[in-house]
Structure formats: C-alpha cells, structure tokens
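Only one structure is covered here, and it is reproduced in the block below.
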Number of protein chains: 2
Amino acid sequence: MSTEFHVNPDMIVQLYNEISKHFSSQRVRRLAEHLRKNDLSLNQFSVLNIVNHESECSSIHLANMLKLKAASITYIIDLLVKRGLVDRVENPEDRRSHFINLTEEGRKLLVVPEDTADLIQSFEALEQDDLDMLYLSLRVLKNRIIRNDKK
Amino acid sequence: MSTEFHVNPDMIVQLYNEISKHFSSQRVRRLAEHLRKNDLSLNQFSVLNIVNHESECSSIHLANMLKLKAASITYIIDLLVKRGLVDRVENPEDRRSHFINLTEEGRKLLVVPEDTADLIQSFEALEQDDLDMLYLSLRVLKNRIIRNDKK
DNA sequence: TATTGTTATACTCTATAACTATA
DNA sequence: TATAGTTATAGAGTATAACAATA
C-alpha cells in the first residue's frame, strides 16, 4: 500500500482524537453506570486502575497521582480493603509505608463494559472494502499494542 | 482490497474493544483530571453531556438517565446554573417543568483533553505501511461517523 | 527535621419525606 | 388524583487539618 504523502503518528493521533470525541459522551455514561452498579466512586475506581498498573504502589504515590490528600487515600483504601478489592502489604524497606495490591476480586471490576450495539451501528455505516481495511489495520494495531501490555 | 474471509461489524467491534481496553486506564485518569481541574463531579459532567445531546431535556429525564432522585437533580442543576454552565427554560406546554439547556460556557467543558504523547508512542510502534493503512481506514471511519454528528 | 500515614472534624453530595404548583 | 419539581433534613462519602510513628 502507498499514499501520496508521508503519514506520521501525529496525523493518526489527530484523526483518532476526532473519532474519539464521537464516542466520548457514551463512554462517560457507561463509566458512570459501571461505577453505580459496582458502588464505586470515580476515585475508588481510579485507585484500582493505578494499582493494577503499578506494583509496589504506596499511599503517597496514589495521593500524588490523584491529587488527593493522604487522609483521603487512607479512607478510600480502608473501604476497598473492607470489600476485598485491594490488600495492604508492609513495605519491608520502610516500616511507615505500605504497598497497595489489587486482589482478584478487584481485578474483575477494572473492565468497563462497552456499548456494543452502538459501536456496531457506527461500523455498519462503512462499505465492505472499508470494513476489510479497517479490520486489518486494527488487527495490526492490536498486535503491536497488546504486546506491551502485561498479561 | 480483499480478504479471504468476510469481515463484519461484529468482528471489528471485538477488535475495537480489545484495543479500547488498552487505553481505558489512561482515559479514566484524564477524565478524573478534567473533572478535578474544572471542579465538576461525575454526575455534574454527565448532566452536561446528556443536555448537550438532548434538546428539551427535563429534570425527570435526567433523573431517569442517571438513576438519581429528582431532588438530587435539583441540587446538581442549581449548582450548574449558579456557575452559568446550564440554563433553566420554561416548558411552554407544561408549566410545571423546565428544559435544561447547555450554555456556551458549559459547552467548553465537554471536551476531555487527550494524552497525545501516549497515543503517539502507541502509533510509533507501527511500520510505515501499517501507519498508512490505519490512517486511510480511520479517515474513512471519521467521515462516515462524523456525518451523523450534530455540528 | 522531614516523610508516611492515621484520627478527628468539616464539608459536599445523594436519598428520603413533605410540600407546592400544575396537569 | 397524578405528575414535575422544590425545600428541609439526614446519612454516606470525601476532603481538610492536626497528630503520631518512623526515617
């Protein structure tokens, strides 16, 4: 395949952002629904997400990431521990601090369900050739991206 | 372009969802940051989004969409009106109810900034040929999708 | 003394119940 | 009588400030 101009990542990012805007509103709605159903605040959910990506995550680190006070982190972690969604593990190198780890229960709550019906509707607007090309493109993208994900 | 099998929208949705998961955590973080910077709760932001998409939106409708009590909607709308992000307009056909409309100020807060640097990094993992193909695919998708958006 | 994190307190948000106005 | 929405109050969740323990 060849194009008459040089496609660079920036150009794709710009396109991606425009497309992303189209789905933004529904994404927010799905997220809010997911949080409500699982009785999670946005900050609690953010903690689960951060803890999932960072091993040896301390309260201070969470406070910095979320721009919350340490006391709020304590409160949030207390609730999550009580629900069995995270664990507190002692930091052997600093007896003041703890590491926050995601439990299996917590990991289950990370995935926000997609609104499949609406997505399908969007893709159905495409011609067959474009569908084919999009599929191939996304498959390549997935393979390159997922490689860097843990598990 | 041709493939040895028939690509249908479902297959693309599945791929899309897998890719989407990869960006999910950062998207949540960006949203949380956007809300914090603009002093908005998730429900307040949801109200702005719903009001943006639905003209003649009533309190009752918002309560149904967000699964909140009417009294909570009153509280949220009061705050947003006070900040000049939405207006309350009388419903000429039913003097009990009001329509909630987004103001220009409110519209400015709808867009959640993307984390461009991280996106670029993802796309930089692709070969030039794949970049070209992805670009073409997304451009077609954008043109088909955006057509159905208002403004 | 500086840093990590907790306890105590104040504030914000949401739910419930009682109420007003209109249909 | 039923419905749309508001007001008043209580409770849950979150943030702020003062404090204790460790570095």
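First the proteins, then the strands, lettered A, B, ... as listed; each starts at 1. Side chains are part of it too, since the values below use all heavy atoms of this structure and drop only hydrogens, waters and symmetry mates.
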Original post:
Hey, does R88(B) reach any base, or is it just sugar-phosphate, or nothing, if we go heavy atoms under 4.0 Å?
Top reply: sugar-phosphate

Original post:
How close or far is atom C1' of dG13(D) from atom CG of L42(B), stated in whole angstroms?
Top reply: 14 Å

Subject >> Proximity to the side chain of Y75(B) - top-ranked nucleotide from dT16(C), dT16(D), dT12(C) >> reply: dT12(C)

Subject >> Separation of dT4(C) C1' from N64(A) CG (nearest whole Å) >> reply: 12 Å

Subject >> Under-4.0 Å salt bridge between R144(B) and E127(A) >> reply: yes

**OP:** Could you work out which one of dG5(D), dT22(C), dT7(C) sits closest to the side chain of R95(B)?
**Re:** dT22(C)

Subject >> Protein-nucleotide distance (N91(B), atom CG; dT6(D), atom P), rounded to Å >> reply: 13 Å

**OP:** Examine the base of dT4(C) for any acceptor or donor lying under 3.5 Å from a partner atom in the side chain of R96(A), and report the outcome as yes or no.
**Re:** no

Original post:
Phosphate oxygens OP1/OP2 of dT16(C): is one of them under 4.0 Å from a side-chain N or O of K69(B)?
Top reply: yes

**OP:** For S59(A), answer base if it contacts any base atom (sugar-phosphate contacts may also be present), sugar-phosphate if it contacts only those atoms, and nothing otherwise; contact means non-hydrogen atoms under 4.0 Å.
**Re:** sugar-phosphate

Original post:
So does D78(A) pair up with R88(A), basic N to acidic O under 4.0 Å?
Top reply: yes

Original post:
dG5(C) C1' sits how many Å from F99(A) CZ, rounded?
Top reply: 14 Å

**OP:** Select base, sugar-phosphate, or nothing to describe what E93(A) touches, counting heavy atoms under 4.0 Å on all strands.
**Re:** nothing

Original post:
In terms of ring plane angle, is the pair Y16(A) and F123(B) parallel, tilted or perpendicular, where the classes change at 30° and 60°?
Top reply: perpendicular

Original post:
According to a strict under-4.0 Å criterion, is Q44(A) in side-chain N/O contact with OP1 or OP2 of dG13(D)?
Top reply: no

Subject >> L68(A), nearest nucleotide to its side chain (from dC13(C), dA15(D), dA15(C)) >> reply: dA15(D)

Subject >> Between dT6(C) (C1') and I100(A) (CD1): distance, integer Å >> reply: 13 Å

Original post:
Rounded to whole angstroms, how far apart are NZ on K67(A) and C1' on dA15(D)?
Top reply: 16 Å

Original post:
What nucleic acid atoms does S72(B) come within less than 4.0 Å of, heavy atoms only: base, sugar-phosphate, or nothing?
Top reply: base

**OP:** Describe, in one word, how the ring planes of F45(A) and H34(A) are oriented to each other, choosing from parallel (under 30°), tilted (30 to 60°) and perpendicular (over 60°).
**Re:** perpendicular

**OP:** Show your working on salt bridge (charged side-chain N to carboxylate O under 4.0 Å, His left out) between K37(A) and E33(A) and close with a plain yes or no.
**Re:** CA-CA 6 Å; K37(A) 281 183 178 166; E33(A) 200 168 339; 3.5 Å; yes

Original post:
Tell me: CD1 of I77(B) to P of dT6(D), nearest whole Å?
Top reply: 9 Å

Original post:
Is L79(A) reachable from I77(A) through a run of hydrophobic residues whose side-chain heavy atoms are each under 4.5 Å from the next?
Top reply: no

Original post:
Hey, which of these two, H61(B) or A71(A), hits DNA chain D nearer its 5' end, going by closest nucleotide?
Top reply: H61(B)

Subject >> Which nucleotide in dC13(C), dT14(C), dG5(D) has an atom nearest any side-chain atom of I76(B) >> reply: dT14(C)

Subject >> Residue whose closest nucleotide on DNA chain C lies nearer the 5' end, D94(A) versus S41(B) >> reply: D94(A)

Subject >> Whole-Å distance separating the CG atom of N43(A) from the P atom of dT16(D) >> reply: 11 Å

Original post:
So, is T74(B) near the phosphate of dG5(D), with a side-chain N or O under 4.0 Å from OP1 or OP2?
Top reply: no

